[in-house]
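Below is one structure; the comments refer to it alone.
Below, each value reflects all heavy atoms present in this structure, side chains not excepted, and no hydrogens, waters or symmetry copies.
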Amino acid sequence: MCDFSFQMRPEANIMYFKLNRKFVMRLSRYFLPLMKETPADAQIISHRLMHRAGLIHKTSAGIYSWLPLGLRVLENIERIVREEQDRIGNHYIKMSTIQPADLWIESGRYDAYGKEMLRIKDRHDRDFLYGPTNEEQVTDIVRTHLKSYKDLPLNLYQIQWKFRDEIRPRFGVMRGREFLMKDGYSFDINFESAKKTYQDIFQSYLRTFRRLGLTAIPVQADSGAIGGNMSHEFQILAETGESTVYYDKRYEELANSSHIDFEELSSLYAVDSEKHDPATCPVPEDQLLIKKGIEVGHIFYFGTKYSAAMGLKVTGSDGKPFHPEMGSYGIGVSRLVGAIIEASHDDKGIIWPEAVAPFKVMIIDLVNSDDATSSMGCQLHKALISMGIDVLYDDRDERPGVKFATADLIGIPYHVIVGKRSTETGLVELKHRKTGQVQEMTIDHVIEKFKKDKS
RNA sequence: CGGGGUGUAGCGUAGCCUGGUAUCGCGCUUGCUUUGGGAGCAAGAGGCCGGAGGUUCGAAUCCUCUCACCCCGACCA
């Protein structure tokens, strides 16, 4: 048993001490309901793995609760998305999930939205809805507080739960009815400024997805009556994707280059199967890639559609009121958890990209009963935690095979294996989940390695 | 919403056609042995068979209704 002198309640199934803002996570006390067998209703790999690895619990069709390990991933994604939003000067807000129907009647979408919208009545028989999206609501907020062109451009975003009563939810969190989404809304003084905003966000999205360990292909999407290239879907490539993406080979090199050029990227050919026409496709056949994609982001410019319908006006520099130009920008945060697994797994389980992994390191202590061995695991555990690294310590009384299988299944990027041999040689094994590479080294060496990683 | 299918212990399942109060595996509990890739033996705990009604001496099984869930299609971050 790993003895932390400052621990309060070793038996408690709670986080019980805090050091450098990291908590001790002993697997024997962690709430991680693993499953050897897959629930019969899970069809695709990410859904199965999410259940088996104890990430989620199904509440109802297309509605999930997030368990500790899954929530850590969800919040890591959320954090990265926020950091990238804040970096380009967008403002973080949180709108209510429940909205009055009146707002939607104003925009004309209350009837247009149909059964996908979850409609609710309160005790006074007034009509409300659980928000499927928030254009009306944000427009309402802005119209009451925004008065002058000097307040523009403005971009408000939130990360909030939404509900769309899909006819047929499927694929777990990838097509749920309740889902967590980053939705942002921009307000600009004119088209030129709106275009600049759009481009900034386009680039920011590519950076965001890259940080999440993904390659996203921005695919031209319908921009309705406005036309032009002012609507893009961001697709990440995975065999189980629902859409088929046709795109120029050059995308992959450009998307991975250090600087992102909007004009260059958006001029390349990338469309979905509906838009692809071999007759008019400008890309030679040997340079055209056809892959399955999962849509994880969608951005579009829609001009004054809502500002006009809902009477959002500000005073211009000429003293006259005008309707700001708007756009909206979504990232499917909860969907990304599934999408990342689709893009990154093997037959043993999940392989988390480091940036979103629930823990960075898993210490696999093979012989807990052995004092010397467990103290090696402990020593490392304490050292890594004090460095601010998230560590999950497998101190369970289980056989080695079970521990290895668990570590592989839940996909922690680095495994440190402390075994009987370690006490004799003073060496532990550092294993990289993704490559399977194993190196023997001393504990100090492991600590050094992660120190370097951090800097 | 149209078409197809499934509800039996926490999970995966047998039994249903041919009615007689439920099978097996995993997991869980206890003990002993084991310990570098999901251990072995032994002893246990756990199920008003999705729900309601009906047929019958008797229903997991047959009939009717209902609810939930899954798959294929059209829609969507």
Does [X] reach a base, just sugar-phosphate, or nothing at all? Heavy atoms under 4.0 Å.
X: A:R52; answer: base
X: A:D408; answer: base
X: A:V296; answer: sugar-phosphate
X: A:K115; answer: sugar-phosphate

message: Let's test this: given Watson-Crick or G-U wobble pairing with both distances under 3.5 Å, identify the partner of B:G2.
response: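 Pairing partner: B:C72.
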message: Quick check: any donor-acceptor pair below 3.5 Å linking the side-chain of A:K431 to the base of B:G37?
response: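 A donor-acceptor contact between them is present.
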message: Can you tell me whether the side chain of A:E37 and the base of B:G27 have a donor-acceptor pair closer than 3.5 Å?
response: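 For A:E37, whose side chain was compared with the base of B:G27, there is no donor-acceptor pair (under 3.5 Å).
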- prompt: At under 4.0 Å, does any side-chain N or O of A:R170 touch on OP1 or OP2 of B:G73?
  reply: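 Affirmative; the distance criterion is met.
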query: Is the A:Y301-A:F191 ring centre distance short of 6.0 angstrom?
result: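 Yes; A:F191 has its ring centre under 6.0 Å from that of A:Y301.
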message: Suppose you measure atom P in B:G20 against the same atom in B:U61; what distance do you get, rounded to whole Å?
response: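 Nearest-Å result for B:G20 against B:U61 at atom P: 11 Å.
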message: I'd like the P distance from B:G50 over to B:A22, given in whole Å.
response: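 That atom pair is separated by 15 Å.
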query: Got A:H232 and A:H298 here, is their nearest side-chain heavy-atom distance under 4.5 Å?
result: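 Side chain of A:H232 against side chain of A:H298, heavy atoms only: no contact under 4.5 Å found.
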message: Parallel, tilted or perpendicular: which one describes the rings of A:W104 and A:Y113, with boundaries at 30° and 60°?
response: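 If you compare the ring of A:W104 with that of A:Y113, the planes turn out perpendicular.
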field: Inter- and intrachain pairs under salt bridge (Lys or Arg N to Asp or Glu O under 4.0 Å), touching residues 423-436 of chain A, at least two apart
entry: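 For residues 423-436 of chain A: A:D346-A:R433, A:D408-A:K431, A:D408-A:R433, A:R421-A:E429.
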